[in-house]
Q: 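Below you will find the structure I want to go over with you.
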Protein chains: 2
Amino acid sequence: MSEHHHPVSAPCAGDLFGGSRLSAARRAIAEAVRSLGGAFTAEELHAAVSATHAGIGVATVYRAVAAMSAAGALAPVGSRDGSTLYALCAGGDHHHHLVCTGCGTVVGIECPVDGSLLSSAKSAGYTVTAHEVTLYGLCAACAACAAERD
Amino acid sequence: MSEHHHPVSAPCAGDLFGGSRLSAARRAIAEAVRSLGGAFTAEELHAAVSATHAGIGVATVYRAVAAMSAAGALAPVGSRDGSTLYALCAGGDHHHHLVCTGCGTVVGIECPVDGSLLSSAKSAGYTVTAHEVTLYGLCAACAACAAERD
DNA sequence: TCCTTAGTGAGAATGATTCTCAGATGCACG
DNA sequence: CGTGCATCTGAGAATCATTCTCACTAAGGA
């Protein structure tokens, strides 16, 4: 579906995979990632792809997720029931993610790791090379739904 | 080793498990957690326990890790080769961890998630309920070792 | 168009973690 | 100092996410 011409500004499959080869399977997977819209597990992604393009193997989905992660288009944003959750990653600048634990929507947030934290690490003798920050919460819709349930 | 009398301020096995029952196996596991000193996987913890107290099953170690995590005495601090890394958690105040990727030593760091980040999340419609922050880097010894290797 | 090489699908393999179950043991209570 | 029973334990099977293998296909530069 949606086989119309899309504007060049919309992220197309090629962007998600960086420089790697673009196959029919990967095009379908990129489309499914966009259609999911929020955080998803590899299994959910496989199910979404299968709904429109049957016959794509689980291993291919895992490989695609790895490729998109390597390209920086996808980021792990926690886990659910033992499976890793991934989400489409916003533009190229350094940021982190806030995940709605109700519906899985994800928004980018600025990085809270500032110089003072790094220098206090430095004074403890540590050189920081990487960090991970993820916030969890409820989006407006899910918060309203939860409040109503009480 | 270090079988001297320790002051009451040192965390004893009971503290690590909160209110749950204290068995010989759990005492041995608590001792091993302390002897490891840094981040460890469940498998490494099992190996450490087995070195001094043979016959403790893997399932018991996993159960103990779950109990200590529930009691807040242990926290997950990333993963290595697909296994979760845990580390002894400092006192009861809110903090996060900085893990040396060389030797696994862990230090507590203050939480960088401040009001401004939360309020910007709020203005995006999100209510933040939890967050995860972990820094990775090299301790002084491992940094020196890495520099020397060049 | 051809060739090289990355990507693919199916299913087996791997490996961390959890579950099951019968038996052992803390520990609260008397 | 018993006793009762809920909790904990060990062994190994089971689960299940993820990765690997391998023969095959197809992208895309030359």
Side-chain angles (χ1 to χ4, degrees), chain A residues 12-33 39-71 73-87, chain B residues 12-33 39-71 73-87:
Chain A
C12 62
D15 292 334
L16 298 185
F17 286 97
S20 51
R21 204 172 278 183
L22 193 50
S23 65
R26 289 191 167 190
R27 246 186 306 268
I29 291 169
E31 185 185 312
V33 164
F40 54 84
T41 64
E43 189 186 3
E44 288 163 354
L45 177 55
H46 180 239
V49 175
S50 300
T52 56
H53 299 74
I56 290 181
V58 162
T60 298
V61 171
Y62 275 98
R63 281 184 291 237
V65 166
M68 289 188 280
S69 295
L74 225 55
V77 292
S79 65
R80 187 172 60 218
D81 299 330
S83 340
T84 305
L85 285 174
Y86 295 92
Chain B
C12 61
D15 293 333
L16 298 186
F17 286 98
S20 51
R21 201 171 277 184
L22 192 49
S23 64
R26 290 190 167 189
R27 246 186 307 268
I29 291 169
E31 185 185 310
V33 164
F40 54 85
T41 64
E43 189 186 3
E44 288 164 355
L45 178 54
H46 179 239
V49 174
S50 300
T52 55
H53 300 74
I56 291 181
V58 162
T60 298
V61 170
Y62 275 98
R63 282 183 290 235
V65 165
M68 289 188 280
S69 296
L74 226 54
V77 293
S79 64
R80 188 174 58 217
D81 299 329
S83 341
T84 306
L85 285 174
Y86 295 92

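Below, chain A is the first sequence line, B the second, and so on; all start at residue 1.
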Q: Which pair of heavy atoms, one from A:Ala71 and one from A:Phe17, lies closest together, and at what distance?
A: CB-C, 3.8 Å
Q: Nearest 0.5 Å, please: how far is CD1 in B:Ile29 from NE2 in B:His46?
A: 8.5 Å
Q: Distance check needed: C:dG11 P versus A:His46 NE2, whole Å only.
A: 12 Å
Q: What are the two closest non-hydrogen atoms of B:Ala87 and B:Phe40, and how far apart are they?
A: CA-CE2, 4.3 Å
Q: Kindly point out which of D:dT9, D:dG28, C:dT17 is positioned nearest to the side chain of B:Thr84?
A: C:dT17
Q: Where the side chain of A:Arg21 is defined as all heavy atoms beyond and including C-beta, which of C:dG26, C:dT8, C:dA6 is the nearest nucleotide?
A: C:dA6
Q: Nearest whole Å is fine: how far is C:dG7 P from A:Met68 CE?
A: 13 Å
Q: Can you tell me the distance, in whole Å, between the CD atom of A:Glu44 and the C1' atom of D:dC16?
A: 15 Å
Q: Quick one: on DNA chain C, does B:Ser23 or B:Thr41 contact a more 5' nucleotide (nearest heavy atom)?
A: B:Thr41
Q: What are the two closest non-hydrogen atoms of A:Arg80 and A:Thr41, and how far apart are they?
A: NH2-CG2, 4.1 Å
Q: Do B:Arg26 side-chain and C:dG26 base share a donor-acceptor contact under 3.5 Å?
A: no
Q: Between atom CG in A:Asp81 and atom P in D:dA17, what is the gap in whole Å?
A: 9 Å
Q: What integer distance in Å separates A:Tyr62:OH from C:dG9:C1'?
A: 15 Å
Q: Would you compute the distance between atom CD of A:Glu44 and atom CG of A:Leu85 and round it to the nearest 0.5 angstrom?
A: 7.0 Å
Q: Measure from the side chain of A:Ser83, starting at C-beta and using heavy atoms only, and say which of D:dA17, C:dG9, C:dT18 lies closest.
A: D:dA17
Q: The side chain of A:Ser20 is closest to which nucleotide in this list: C:dG9, C:dG7, D:dC8?
A: C:dG7
Q: The side chain of B:Ala59 is closest to which nucleotide in this list: C:dC19, C:dT8, D:dT9?
A: C:dC19
Q: Quick one: B:Phe40 CZ to C:dT17 P, roughly how many Å, whole number?
A: 12 Å
Q: Tell me the interatomic distance from A:Arg27, atom CZ, to D:dA26, atom P, rounded to whole angstroms.
A: 13 Å
Q: Expressed in angstrom and rounded to an integer, what is the separation of B:Arg63 atom CZ from D:dA11 atom C1'?
A: 10 Å
